[in-house]
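Have a look at the structure below before the remarks.
All values below come from the heavy atoms of this structure, side chains included, with hydrogens, waters and symmetry mates left out.
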Amino acid sequence: MNNEDETGSNYRMNRRMFVGMVAAGAAGAALPRVALAQSAPKIRNVVLVHGLFADGSCWSEVIARLQAAGINATAVQNPLTSLQDAVQATQRVLAQQNGPTVLVGHSFAGMIVSEAGVAPNVSSLVYVAARAPDAGEDYTALAKTFPTPPASAGIVWSDDEGHLNEEAFLRDFAGDLPAAKARVLYAVQAPFRRSLLADRTTHAAWRSKPSWYAVSTEDRTINPDLERFMAKRMGAKTIEVKASHLSLISQPDTITKLILEAAGQT
């Protein structure tokens with residue numbers, strides 16, 4: 001082959017390679033989200049935090065389903081003494097996780113999620129009928145802009161500690177659960193410190209982390225419209241669940257599915 005033939009052959013080969021590269025680049029540009037979604041690692045760790053009138057066992061139904069899906073699930077035992085104590089307890093559990101983690105909070109624990117969720121290994125947040133104040137926001141003042149939920153009248157105080165009386169617990173907190181089951185949950189509720197209600201967050205992790213929110217449409221503990229407001233404000237992927245405040249117990253399949261979505265498992 002002479003130099004002219006070789007040059008022509010190289011030109012045709014390089015042109016074909018260039019056209020192929022352009023075509024491949026165009027295809028990649030058209031489908032970047034698909035490519036990223038396929039290569040993104042699935043999150044295998046979930047940390048769950050409970051709120052007032054409960055303990056870590058309230059996540060049992062969800063935990064069993066997460067474990068069946070191959071998830072490493074851990075429930076935090078929220079001390080219910082102060083927001084700082086609760087955040088520190090959550091941070092200790094987060095520090096034990098090996099890899100990216102979904103942080104989930106129910107009810108009052110939404111404040112803990114918002115505060116502790118800034119940890120680098122927290123990849124996404126899930127709020128289940130939960131408080132979601134902005135940084136420094138007075139949640140009590142925010143809640144007063146909506147009708148007061150019935151459960152509030154059922155709080156009983158003993159010095160500095162509060163708990164929900166049995167009637168309010170069964171009717172306004174766990175209204176869609178069988179009475180026998182609700183009574184067991186009532187028996188294990190942990191008391192909370194009065195000062196806890198005045199604590200404020202200093203961070204709003206939902207401003208920088210992908211967030212999901214499950215609104216309980218039959219909630220008598222947090223006003224459902226307040227839940228909708230907070231979910232919309234944070235730009236969360238939101239679902240509505242026809243459930244009491246305890247959707248994590250009465251609708252565990254739905255709540256588990258939402259958590260798995262936040263973990264990239266669906």
Side-chain angles (χ1 to χ4, degrees), residues 47-54 76 78-91 93-94 101-120 122-155 157 160-162 164 172-173 192-217 219-241 245 247-248 258 262:
V47 170
L48 308 124
V49 194
H50 69 86
L52 307 184
F53 321 127
V76 175
N78 181 354
L80 299 177
T81 50
S82 71
L83 179 60
Q84 181 180 8
D85 289 346
V87 168
Q88 289 176 347
T90 303
Q91 289 171 333
V93 174
L94 286 172
T101 302
V102 178
L103 183 58
V104 186
H106 171 244
S107 193
F108 174 85
M111 295 182 67
I112 302 167
V113 166
S114 293
E115 187 75 7
V118 297
V122 174
S123 298
S124 53
L125 314 169
V126 179
Y127 295 78
V128 180
R131 300 184 181 196
D134 207 345
E137 185 173 38
D138 184 341
Y139 175 82
T140 300
L142 173 64
K144 286 180 178 179
T145 63
F146 294 82
T148 302
S152 300
I155 297 177
W157 295 101
D160 191 40
E161 292 189 333
L164 204 59
D172 303 323
F173 188 67
F192 66 94
R193 294 271 180 85
R194 188 189 297 268
S195 58
L196 189 67
L197 301 179
D199 287 345
R200 300 189 188 189
T201 60
T202 59
H203 297 94
W206 48 264
R207 288 196 171 276
S208 59
K209 304 287 178 79
S211 302
W212 282 254
Y213 199 111
V215 172
S216 284
T217 63
D219 205 324
R220 293 169 62 87
T221 301
I222 295 180
N223 187 293
D225 285 334
L226 173 56
E227 294 177 15
R228 294 183 180 102
F229 167 80
M230 292 184 291
K232 182 177 180 180
R233 179 174 65 172
M234 70 170 65
K237 167 67 183 297
T238 304
I239 63 169
E240 298 216 348
V241 188
H245 193 59
S247 59
L248 65 168
L258 187 69

Verdict with supporting geometry, Gln84 and Glu115, side-chain contact (heavy atoms from CB on, under 4.5 Å): CA-CA 9 Å; Gln84 181 180 8; Glu115 187 75 7; over 6 Å; no
Applying the side-chain contact (heavy atoms from CB on, under 4.5 Å) test to Phe229, which of Arg233, Lys232, Glu227 qualifies?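 The residue from Arg233, Lys232, Glu227 that satisfies side-chain contact (heavy atoms from CB on, under 4.5 Å) with Phe229 turns out to be Arg233.
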[X] to [Y] - nearest heavy-atom pair and separation:
| X | Y | result |
| --- | --- | --- |
| Val104 | Val113 | C-CG2, 3.6 Å |
| Ile222 | Ala130 | CD1-C, 4.3 Å |
| Ala204 | Ala135 | CB-N, 3.7 Å |
| Leu196 | Phe192 | CD2-CB, 4.2 Å |
| Leu52 | Phe173 | O-CZ, 3.7 Å |
| Ala129 | Ser216 | CB-OG, 3.8 Å |

Would the distance check show the side chain of [X] and the main-chain N or O of [Y] forming a donor-acceptor pair, the cut-off being under 3.5 Å?
| X | Y | answer |
| --- | --- | --- |
| Asn223 | Pro147 | yes |
| Asn78 | Ala86 | no |
| Thr221 | Pro149 | no |

Taking atom [atom1] of [X] and atom [atom2] of [Y], what is their separation to the nearest 0.5 Å?
| X | Y | atom1 | atom2 | result |
| --- | --- | --- | --- | --- |
| Met230 | Tyr139 | CE | OH | 4.5 Å |
| Leu94 | Leu103 | CG | CG | 5.5 Å |
| Trp212 | Thr238 | CH2 | OG1 | 11.0 Å |
| Arg193 | Asp199 | CZ | CG | 11.0 Å |
| Ser123 | Lys209 | OG | NZ | 7.0 Å |
| Thr101 | Leu125 | OG1 | CG | 11.5 Å |

Not counting sequence neighbours, list each pair that qualifies as a salt bridge (charged side-chain N to carboxylate O under 4.0 Å, His left out) and has a residue in residues 139-151.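 Qualifying pairs: none.
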Let me see the working for Val215 and Val241 under side-chain contact (heavy atoms from CB on, under 4.5 Å), right down to the final yes or no. CA-CA 6 Å; Val215 172; Val241 188; over 6 Å; no
Report the C-alpha distance between Arg200 and Asp138 in whole Å, list the side-chain angles of each, state the deciding distance to 0.1 Å, and finish with yes or no for side-chain contact (heavy atoms from CB on, under 4.5 Å). CA-CA 6 Å; Arg200 300 189 188 189; Asp138 184 341; 3.3 Å; yes
My understanding is that only residues two or more places apart in sequence, or in another chain, count here; which of them pass side-chain hydrogen bond (donor to acceptor under 3.5 Å, both in side chains) with Asp85?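 Asp85 satisfies side-chain hydrogen bond (donor to acceptor under 3.5 Å, both in side chains) with Thr81, Ser82 only.
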Is the closest side-chain heavy-atom distance between [X] and [Y] below 4.5 Å?
| X | Y | result |
| --- | --- | --- |
| Trp206 | Asp134 | yes |
| Ser124 | Val102 | yes |
| Arg228 | Thr217 | yes |
| Val128 | Ser247 | yes |

Working for side chain to side chain donor-acceptor pair (under 3.5 Å), residues Glu137 and Thr201: CA-CA 7 Å; Glu137 185 173 38; Thr201 60; over 6 Å; no
Among all residues two or more places apart in sequence or in another chain, which pass the ring pair (Phe, Tyr, Trp, His ring centres under 6.0 Å) test with Tyr127?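 Partners of Tyr127 under the ring pair (Phe, Tyr, Trp, His ring centres under 6.0 Å) test: none.
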Between Val118 and Arg207, does the side-chain contact (heavy atoms from CB on, under 4.5 Å) criterion hold? Intermediate values first, please. CA-CA 10 Å; Val118 297; Arg207 288 196 171 276; over 6 Å; no
